[in-house]
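Structure first, then comments.
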Amino acid sequence: MHKVAEGQFFRCESLSQVELGEKLTSIERWSFAKCKSLKEIVIPASVEYIDEYAFAYCDSLERIILTNKDTKIHKKAFIRTSGVEVIYE
C-alpha cells in the first residue's frame with residue numbers, strides 16, 4: 001500500500017494506535033478524521049505528503065512523530081485537533 005486512501009479510517013472510533021508501513025508515500029484527505037481514540041501516530045520517512053483533513057477532529061490525538069522533516073503537510077491536515085505535539089525525529 002502506497003497511500004492511506006481518502007476516508008479509509010474515517011470515524012473508526014476504536015482505533016487508538018496505528019503502525020504505518022515504510023512504503024507509504026501519502027496520507028489522503030479524511031484518512032483518519034474523527035478517530036476519537038487515536039492518541040499517537042508515527043509517520044514513516046517515506047511519507048511525502050499529508051493531505052487536508054487527514055487527522056481532523058481527532059480529539060484524543062496527543063503526539064505525531066514525523067521521521068522526515070521534509071514531509072509536506074497541508075495547512076488543514078490537523079484542523080479541529082487541538083493540543084497535538086509534532087515531533088521531528
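In this structure, a donor-acceptor pair under 3.5 Å is absent between the side chains of E62 and S60.
Heavy atoms from other residues, nucleotides or ligands lying under 6.0 Å from CD of Q17 number 12 at most.
A salt bridge is absent between K36 and E13: the closest approach of a Lys/Arg side-chain nitrogen to an acidic carboxylate oxygen does not fall below 4.0 angstrom.
Within the model, atoms CD of E52 and CD1 of I73 stand 14.0 Å from one another, a figure rounded to the nearest 0.5 Å. For the atom pair CD1 (I27) and CG (L20), the distance works out to 5.5 Å, reported to the nearest 0.5 Å. Distance check: E40 CD to I64 CD1 gives 9.5 Å after rounding to the nearest 0.5 Å. For the atom pair I43 CD1 and T67 OG1, the distance stands at 8.0 Å (nearest 0.5 Å). I87 CD1 to I65 CD1: the interatomic distance, rounded to the nearest 0.5 Å, is 5.0 Å.
The main-chain N or O of K23 is found under 3.5 Å from a side-chain atom of H2 such that the two form a donor-acceptor pair. Distance alone, capped at 3.5 Å, is enough to place a donor-acceptor pair between the S31 side chain and the A5 backbone.
Transitive grouping of hydrophobic side chains (ILVMFWY, heavy atoms separated by less than 4.5 Å) keeps I79 and I41 in distinct clusters. The cluster map of Ile, Leu, Val, Met, Phe, Trp and Tyr, joined by side-chain heavy atoms under 4.5 Å apart, puts F78 and L15 in the same cluster. Y88 and V42 fall into different hydrophobic clusters, where Ile, Leu, Val, Met, Phe, Trp and Tyr side chains are chained together by heavy-atom contacts under 4.5 Å.
Of all heavy-atom pairs between L24 and V4, the closest is CD1-N, 3.5 Å. Nearest heavy-atom pair, A54 versus I50, reported as atom, atom and distance to 0.1 Å: CB-CG2, 3.7 Å. Across all their heavy atoms, D51 and E28 have their closest contact at CB-C, 3.8 Å. In terms of heavy-atom proximity, T71 sits nearest to Y49 at CG2-N, 4.2 Å. For the residue pair G21 and S46, the shortest heavy atom distance occurs at O-OG, 4.0 Å.
By the 4.5 Å heavy-atom criterion applied to side chains, N68 and V47 are not counted as neighbours. You'll find the side chain of V84 stays beyond 4.5 Å of the side chain of F55, heavy atoms only. With contacts defined as side-chain heavy-atom distances shorter than 4.5 Å, the pair F9/V18 does not qualify. The side-chain heavy atoms of F32 and L61, taken from C-beta on, include no pair separated by under 4.5 Å. At least one side-chain heavy atom of C35 sits less than 4.5 Å from a side-chain heavy atom of C12.
Ring-plane geometry between Y53 and W30 is classed as parallel, the angle between the planes falling under 30 degrees on a 0 to 90 degree scale with a further cut at 60.
For the pair K34 and Y57, the cation-pi criterion (under 6.0 Å, within 45° of the ring axis) is fulfilled.
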